[in-house]
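First the structure, in the form of structure tokens, and then the observations on it.
Remember, predicted model here, so these are calculated numbers, not experimental data.
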Amino acid sequence: MVLTDKFLLTDLYQISMIYGYWKNGIHQQRAIFNLYFRKPPFNGAYAVCAGLETALQFLKDYRPSESDLEFLSTLTGYDDKPLFSKEFLDFLRTFELELDIEAIPEGEIVFPNQPLMKITGPLYQCQLVETALLTIINFQTLIATKASRIITVTGGDPVLEFGLRRAQGLDGGISATRAAYIGGCHATSNVLAGKLFGIPVRGTHAHSWVMTFPDELSAFRAYAEALPNNCTFLVDTYSTEQGILNAITVGKQLQQAGFPFYAIRLDSGDLLLLSKLARKLLDEAGFHQTQVVATNDLDEQSIATLKKNGAPIGVWGVGTNLITANGQPALGGVYKLAAIYQNEKWHYRVKLSEDVIKISTPGNLSVFRVSNNNLNQFDFIQDTFTESNKQLVHPETGAFLETIPSNAQNLLVPVMQSGKRIYPELTLREIRKNHFELRSKFDPALFKIENPQKYPVLIDENLFKLKKEAINQKHS
């Protein structure tokens with residue numbers, strides 16, 4: 001989706017703060033912000049990083065238009081006087097993006113408190129892009145993770161994303177389809193997303209098609225005549241059993257004409273019993289290769305139950321519960337100041353809270369992953385401004401756990417330098433392929449829907465001490 005006024009895609013308090021920075025003469029001080037999430041979504045143990053390409057496209061040619069500045073000039077405070085001065089708006093008129101950004105590539109498996117993005121640059125610019133980056137990364141990471149959970153339980157069966165009509169708005173539908181494909185969906189009903197991203201497009205017909213004709217058999221025959229190479233018949237408009245039999249009748253006619261009878265679709269009722277009935281009737285008619293497609297408000301739990309009970313369903317169409325991330329309305333990612341350069345020195349910043357989970361980690365952070373025999377063992381977080389003593393500890397207790405090995409890989413890669421993109425543009429299929437390769441390097445127990453295995457994320461001992469000192473200084 002192309003945004004013509006993307007500079008204003010932010011919260012008012014971001015612009016208010018950068019005005020305050022400008023008024024205080026500190027807007028050009030360099031700062032470091034980290035974007036991360038605190039808890040894995042859906043009570044799971046991981047997330048699938050997504051949204052980086054969208055974020056980089058958003059930041060391309062990022063600057064205010066004259067209409068943006070005109071709108072800002074109309075905003076007023078509680079006294080009905082202009083909120084921003086003409087001089088400040090003139091300053092924004094000279095805006096050129098100068099940010100340096102490091103990010104974890106899309107499709108990577110990620111964990112709480114790891115910076116998915118590290119943003120370095122003038123304080124006011126770091127602040128200005130916060131809302132947009134959170135919107136993009138939070139949502140797509142959430143949907144990609146939901147898709148990953150669904151494909152985990154289907155055991156390799158194709159999953160079709162059918163959620164556009166239930167999506168959270170038009171852009172929500174496009175972004176969610178993109179993220180769902182990264183997470184593992186095989187195709188989508190979303191035709192525009194197919195065009196934009198190269199995602200395979202699949203679909204059947206609706207109940208209205210059947211209801212348009214005098215009877216169901218006539219409807220199936222008309223559909224087969226119109227699209228003989230794309231026949232999946234929706235069989236539950238009236239009687240599901242009779243619908244299956246009518247589909248078989250037309251399937252035989254397709255077969256005689258040299259076309260495959262691909263599938264029937266079940267969209268209501270007891271999917272376990274009806275899928276078994278469908279499989280029995282299809283097999284008795286000789287259509288052993290004809291698939292049973294199931295839809296109807298499916299999610300990872302309902303699919304897992306159907307699979308466990310032997311439902312002979314070969315393709316899963318998942319809509320509402322995927323596209324809206326049912327069970328987790330938002331990822332809850334945050335964007336926190338970690339350091340600021342003042343008086344020719346970096347000063348660490350920490351956000352305190354009564355909730356331990358909300359205490360931020362200061363520093364110029366990097367995220368490393370340690371593997372052995374092509375299987376990931378643990379991750380750790382390190383401050384690159386501080387020399388390490390090679391000891392890794394528990395992030396909450398400080399108890400010693402590991403020594404830093406020599407084969408640690410930095411997950412954060414440079415994607416933008418001085419406001420210019422330096423990261424290669426990958427196709428969505430390449431990103432999806434990378435995701436499955438990256439996923440294969442983890443113990444499968446990590447991806448379990450119930451009681452997943454926890455993956456260790458450690459912290460450099462010196463960073464642990466630095467964080468503790470920063471907390472004590474704020475308390476003193």
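- Checked by atom type and distance alone, the side chain of T141 never pairs as donor or acceptor with a backbone atom of N138 at under 3.5 Å.
- In this structure, the side chains of I431 and Y181 stay at 4.5 Å or more apart for every pair of heavy atoms.
- Within a 6.0 Å sphere centred on CG of D79, other residues, nucleotides and ligands contribute more than 12 heavy atoms.
- Salt-bridge annotation for K465 and E469: absent, with no side-chain N of the basic residue lying under 4.0 Å from a carboxylate O of the acidic one.
- Residue K351 qualifies as enclosed at atom NZ: its count of foreign heavy atoms under 6.0 Å is above 12.
- Judged by distance alone, the side chain of D299 and the main-chain N or O of S302 form a donor-acceptor pair under 3.5 Å.
- F88 and Y19 have their aromatic ring centers within a separation under 6.0 angstrom.
- A donor-acceptor pair is defined here as one N or O able to donate and one able to accept, closer than 3.5 Å; no such pair exists between the side chain of Q391 and the backbone of V393.
- Remark: E300 pairs with K146, R149 by the salt bridge (Lys or Arg N to Asp or Glu O under 4.0 Å) rule, at least two apart or across chains.
- The distance between the ring centers of Y455 and F442 falls below 6.0 angstrom.
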In residues 303-325, what donor-acceptor pairs under 3.5 Å come from side-chain atoms, sequence neighbours left out?
{"from": "T305", "atom 1": "OG1", "to": "Q301", "atom 2": "O", "distance (Å)": "3.1"}
{"from": "K307", "atom 1": "NZ", "to": "T154", "atom 2": "O", "distance (Å)": "3.2"}
{"from": "K307", "atom 1": "NZ", "to": "D157", "atom 2": "OD2", "distance (Å)": "2.8"}
{"from": "N309", "atom 1": "ND2", "to": "T305", "atom 2": "O", "distance (Å)": "2.8"}
{"from": "W316", "atom 1": "NE1", "to": "D157", "atom 2": "OD2", "distance (Å)": "3.1"}
{"from": "T320", "atom 1": "OG1", "to": "R166", "atom 2": "NH1", "distance (Å)": "2.7"}
{"from": "N321", "atom 1": "OD1", "to": "N326", "atom 2": "ND2", "distance (Å)": "3.1"}
{"from": "N321", "atom 1": "ND2", "to": "D297", "atom 2": "O", "distance (Å)": "3.0"}
{"from": "N321", "atom 1": "ND2", "to": "L298", "atom 2": "O", "distance (Å)": "3.2"}
{"from": "T324", "atom 1": "OG1", "to": "T320", "atom 2": "O", "distance (Å)": "2.6"}

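- S189 contributes no side-chain N or O that, together with a main-chain N or O of G203, makes up a donor-acceptor pair within less than 3.5 Å.
- To the nearest 0.5 Å, atom CD of residue E102 and atom CG of residue L412 are 5.5 Å apart.
- Note on residues 47-62: pairs passing salt bridge (charged side-chain N to carboxylate O under 4.0 Å, His left out), not counting sequence neighbours, are E53-R421.
- With sequence neighbours left out, R93 forms a salt bridge (Lys or Arg N to Asp or Glu O under 4.0 Å) with E66, D90.
- Within 6.0 Å of CD in E387 there are 12 or fewer heavy atoms belonging to other residues, nucleotides or ligands.
- Judged by the 6.0 Å and 45° rule, R30 forms no cation-pi pair with Y341.
- Counting only distance, with no hydrogens or angles, the side chain of S371 and the backbone of N374 share no donor-acceptor pair below 3.5 Å.
- Checking side-chain atoms of E98 against main-chain N and O of P122 turns up no donor-acceptor pair under 3.5 Å.
- Among residues at least two apart or in separate chains, side chain to side chain donor-acceptor pair (under 3.5 Å) pairs with a member in residues 33-51 are Y46-S148.
- F7 pairs in a ring pair (Phe, Tyr, Trp, His ring centres under 6.0 Å) with only one of the listed residues (F58, F71, F95), which is F95.
- Here the side chains of Y348 and K467 are not in contact, with every heavy-atom distance at 4.5 Å or above.
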Quiz item: Taking it one step at a time, do N296 and S268 satisfy side chain to side chain donor-acceptor pair (under 3.5 Å)?
Solution: CA-CA 6 Å; N296 189 29; S268 61; over 6 Å; no
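- Judged purely by atom type and a 3.5 angstrom limit, E108 has no side-chain atom pairing as donor or acceptor with the backbone of P105.
- The backbone N or O of L392 sits nowhere less than 3.5 Å from a side-chain atom of T403 that would complete a donor-acceptor pair.
- Side chain of H435 to backbone of G184: no donor-acceptor contact under 3.5 angstrom is found.
- In terms of the ring-ring contact (aromatic ring centres under 6.0 Å, His included) criterion, residue partners of F385 (sequence neighbours excluded) are, by chain and number, W346.
- The backbone N or O of V159 sits less than 3.5 Å from a side-chain atom of H186, completing a donor-acceptor pair.
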